[in-house]
Amino acid sequence: MRKVDLKIFVEIHDRSELSPARRKLVEEAEEATHGSYSPYSHFCVGAAVQLQDGTVVRGSNQENAAFPSGLCAERTAAFSAAVGHPGKCMEAIAIVARPESAGAYVPVSPCGACRQVLLEYEYKQGTPIQVLMSGPGGQIHLVPSVAALLPVGFTADQMKG
Ligand code: THU
């Protein structure tokens, strides 16, 4: 038996340390929280995907009385980008969250299903999708790729045997 130690490196940035483009992407995600439909959790999540040509596509969580029928912000953004802009690579996704009643953003990180969906697009395009997440105290947590966020993830390679 041998053990393999897999590490994730998360960059913790003050907002002022981000490039203007990345700062703008986080602001787009914040704007997107206003489109959240979250009458059950009262937890507003916004996401913004930056495409290779600079286009930004927003998403927000959309809940449903039949709970599992709802969808997270990350997937609404990624699917919307894929449908509206086929063939364009995704360079980065910013994700932020705030409780409905509060003005401040709180830490968030994509659920397993969203990581899997983002991994598929990263695998398909062959280039990394940077992930920026709201962290505590207004900081931004940055991971360089989806694969880094989902180590030992499942991709189509494995179906080739
Ligand atoms: N949610 C997201 O949209 N993204 C995340 O990364 C975490 C969770 C949503 C799903 C649901 O509408 C609400 O937040 C509470 O789980």
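Along the sequence shown, residues are numbered consecutively beginning with 1. For ligands, and for the atoms within them, numbers begin at 1 and follow the listed sequence.
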Could you identify the single nearest non-hydrogen protein atom to atom 6 (O) of ligand 1 and state the distance to 0.1 Å? E74 OE2, 2.5 Å

I'd like to know if D5 pairs up with K7 as an ion pair, taking the criterion as any Lys NZ or Arg NE/NH1/NH2 lying under 4.0 Å from an Asp or Glu carboxylate oxygen. yes

Could you identify the single nearest non-hydrogen protein atom to atom 7 (C) of ligand 1 and state the distance to 0.1 Å? V108 CG2, 4.2 Å

Going by the ring pair (Phe, Tyr, Trp, His ring centres under 6.0 Å) test, which pairs reach into residues 25-70, not counting sequence neighbours? Y40-F67

Residue-ligand contact P110/ligand 1, heavy atom below 4.0 Å: yes

Counting each atom of ligand 1 from 1 as listed, which ones have a heavy atom of S41 under 4.0 Å away? 13 (C), 15 (C)

Considering non-hydrogen atoms of the protein only, which is the closest contact for atom 8 (C) of ligand 1, and what is the distance? C72 SG, 4.3 Å

One should read off an interatomic distance between E30 CD and Y105 OH, to the nearest 0.5 angstrom, of 4.0 Å

Top protein contact for atom 9 (C) of ligand 1, by heavy-atom distance: N61 ND2, 3.6 Å

Could you establish whether I95 and ligand 1 come within less than 4.0 Å of each other, counting only heavy atoms on the residue side? no

Min over V45, T33, V96 of heavy-atom distance to atom 1 (N) of ligand 1 lands on V45

Numbered in order shown, the ligand 1 atoms found under 4.0 Å of a heavy atom of F43 are 14 (O)

Indicate yes or no: at least one non-hydrogen side-chain atom of Y123 is less than 4.5 angstrom from one of D157. yes

With a cut-off of 3.5 Å and sequence neighbours excluded, list every side-chain donor-acceptor pair involving residues 79-92.
residue	atom	partner	partner atom	Å
H85	ND1	K88	NZ	3.2
K88	NZ	D53	OD2	2.8

Protein heavy atom under 4.0 Å of atom 16 (O) of ligand 1: no

Are the side chain of R115 and the backbone N or O of L149 linked by a donor-acceptor pair below 3.5 Å? yes

Quick test of your reading of the model: are K124 and E120 salt-bridged, counting only N-O distances below 4.0 Å? no

Give a yes/no on ligand 1: does S60 have at least one heavy atom closer than 4.0 angstrom to it? no

Quick one: does ligand 1 sit under 4.0 Å from the side chain of S109, the backbone, both or neither, non-hydrogen atoms only? backbone

When you check the side-chain N and O atoms of E63 and S41, is any donor under 3.5 Å from an acceptor? yes

Could you pull out, from H42, E63, Q62, the option with a heavy atom nearest to atom 13 (C) of ligand 1? E63

Rounded to the nearest 0.5 Å, how far does CD of E11 lie from CG of L18? 9.5 Å

Looking only at protein heavy atoms, identify the closest one to atom 3 (O) of ligand 1 and say how far it is in Å. A73 N, 2.9 Å

